[in-house]
2 protein chains.
Amino acid sequence: MTTMYQQQTVAIDRVEQMVSRLKKSDHRITPQRLAIFKILANSVGHPSAEAIHGALLDNHPTMSLATVYKTLTLLKQEGEVLELQFSDLGNRYDGNKPYPHPHVICTGCGTIVDPSLLDLDDITKKMMNETGFKIVAHRLDFYGICPECQKNG
Amino acid sequence: MTTMYQQQTVAIDRVEQMVSRLKKSDHRITPQRLAIFKILANSVGHPSAEAIHGALLDNHPTMSLATVYKTLTLLKQEGEVLELQFSDLGNRYDGNKPYPHPHVICTGCGTIVDPSLLDLDDITKKMMNETGFKIVAHRLDFYGICPECQKNG
DNA sequence: ATCGAATGGATAACTATTCTCAATAAGAAG
DNA sequence: CTTCTTATTGAGAATAGTTATCCATTCGAT
Ligand SMILES: [Mn+2]
Ligand SMILES: [Mn+2]
Ligand SMILES: [Zn+2]
Ligand SMILES: [Zn+2]
């Protein structure tokens with residue numbers, strides 16, 4: 001039952017987490033930022049900056065795309081959003097899991113899904129020993145064709 | 001001894017491989033393309049398009065950056081170069097290992113190194129079973145600080 | 001040598017992201 | 001509640017990596 005309750009409120013928890021993190025770092029909570037937090041916390045896919053902006057225009061007609069970018073930069077700094085860089089698709093953002101985790105990406109339609117987590121700690125240690133790098137993060141993407149695109153040829 | 005010989009000639013082999021692949025797909029081998037192949041095969045880092053272009057200007061003063069991009073697009077199509085997309089650093093290219101393999105990237109200076117290979121076949125199968133995707137490639141990046149940047153830290 | 005197609009070079013166009021700056025509003029202080 | 005300071009917003013300009021365009025050149029088959 002704890003689990004079910006957590007699942008229902010996970011989005012709200014994320015918004016609260018973002019708010020408290022920004023307060024701690026002496027940043028102001030504006031209506032624009034709050035609205036962006038909510039979009040990020042409620043998105044299941046991995047929206048682009050422009051997708052976030054588009055979703056906000058209904059309730060915030062004057063929302064600027066620059067504000068979306070600035071807020072994303074801020075959340076990146078504070079470790080509250082994960083940025084997935086794609087020079088072709090454009091960057092995508094995960095506000096629900098702001099820590100490294102694998103992604104499965106459809107090269108047909110651009111869909112990005114979160115599979116179950118993977119423990120790469122052992123591999124990471126091996127890489128540090130081998131290269132001498134101090135590794136703090138990773139990125140693991142799998143590329144393929146989603147079930148939907150497989151059907152549609 | 002076979003191993004030693006292969007190491008000495010790996011760069012040449014890569015150029016030959018690129019040449020024969022382009023011939024097979026009915027593309028012409030021009031001096032410009034050959035020069036780009038050589039740069040790719042001999043680079044230990046992971047150069048950007050602009051870095052490749054810069055390295056070529058000495059012996060090919062009229063080489064156009066557009067030609068570099070066109071050749072890279074061609075090599076990507078033919079599976080003879082691996083493109084690492086970075087929206088901040090700019091894209092980087094590996095002509096020596098045109099198949100998926102891990103990379104260790106310094107967030108301080110942008111250095112990218114190839115550690116030893118990793119077998120992700122089991123994990124890939126798990127991802128396919130879980131998501132229904134038909135996975136054909138992957139990308140595994142580790143981010144950290146290289147030994148050099150740690151010293152100058 | 002001739003011809004049609006592929007390629008190269010120069011540059012314009014494009015696009016995601018960042019920058020600039022005047023106007024506004026958050027939040028602390030009184 | 002009002003005032004004050006300063007971070008933030010929004011609009012648009014600027015930037016940068018990449019792609020598209022177009023004509024001259026080159027390749028290579030006949
Ligand atoms: Mn994710
Ligand atoms: Mn590599
Ligand atoms: Zn798809
Ligand atoms: Zn470094």
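Throughout, protein chains are lettered first and strands after them, A, B, ... in sequence-line order, and every chain is numbered starting at 1. Just so it is clear, the structure is predicted and the values come from calculations on it, not from any experiment.
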If only side-chain N and O atoms of [X] are considered, is one of them under 4.0 Å from the OP1 or OP2 phosphate oxygen of [N]?
{"X": "A:S64", "N": "D:dA11", "value": "no"}
{"X": "A:Q32", "N": "C:dA26", "value": "no"}
{"X": "B:Y69", "N": "D:dT19", "value": "no"}
{"X": "B:R28", "N": "C:dG8", "value": "no"}
{"X": "B:T30", "N": "C:dG8", "value": "yes"}

* Asked: Can the positive tip of B:R21 be found less than 6.0 Å from the middle of the six-membered ring of B:F37, inside 45° of the ring normal?
  -> no
Looking at every strand, decide which applies to [X] at a 4.0 Å heavy-atom threshold: base, sugar-phosphate, or nothing.
{"X": "A:D26", "result": "nothing"}
{"X": "B:P61", "result": "nothing"}
{"X": "A:N91", "result": "sugar-phosphate"}

* Asked: Has the side chain of A:K23 got a donor or acceptor atom sitting under 3.5 Å from an opposite partner on the base of C:dG27?
  -> no
* Asked: Can B:E80 and B:R14 be said to form a salt bridge (Lys or Arg N to Asp or Glu O under 4.0 Å), step by step?
  -> CA-CA 9 Å; B:E80 289 297 332; B:R14 284 296 307 139; 2.8 Å; yes
* How about B:E130 and A:S116: does a side-chain donor come under 3.5 Å of a side-chain acceptor? -> yes
* To do: Return the value, rounded to whole Å, for the distance between atom CG of A:L84 and atom C1' of C:dA16.
  => 16 Å
* Mind checking what makes side-chain hydrogen bond (donor to acceptor under 3.5 Å, both in side chains) contact with A:K23, not counting sequence neighbours? -> none
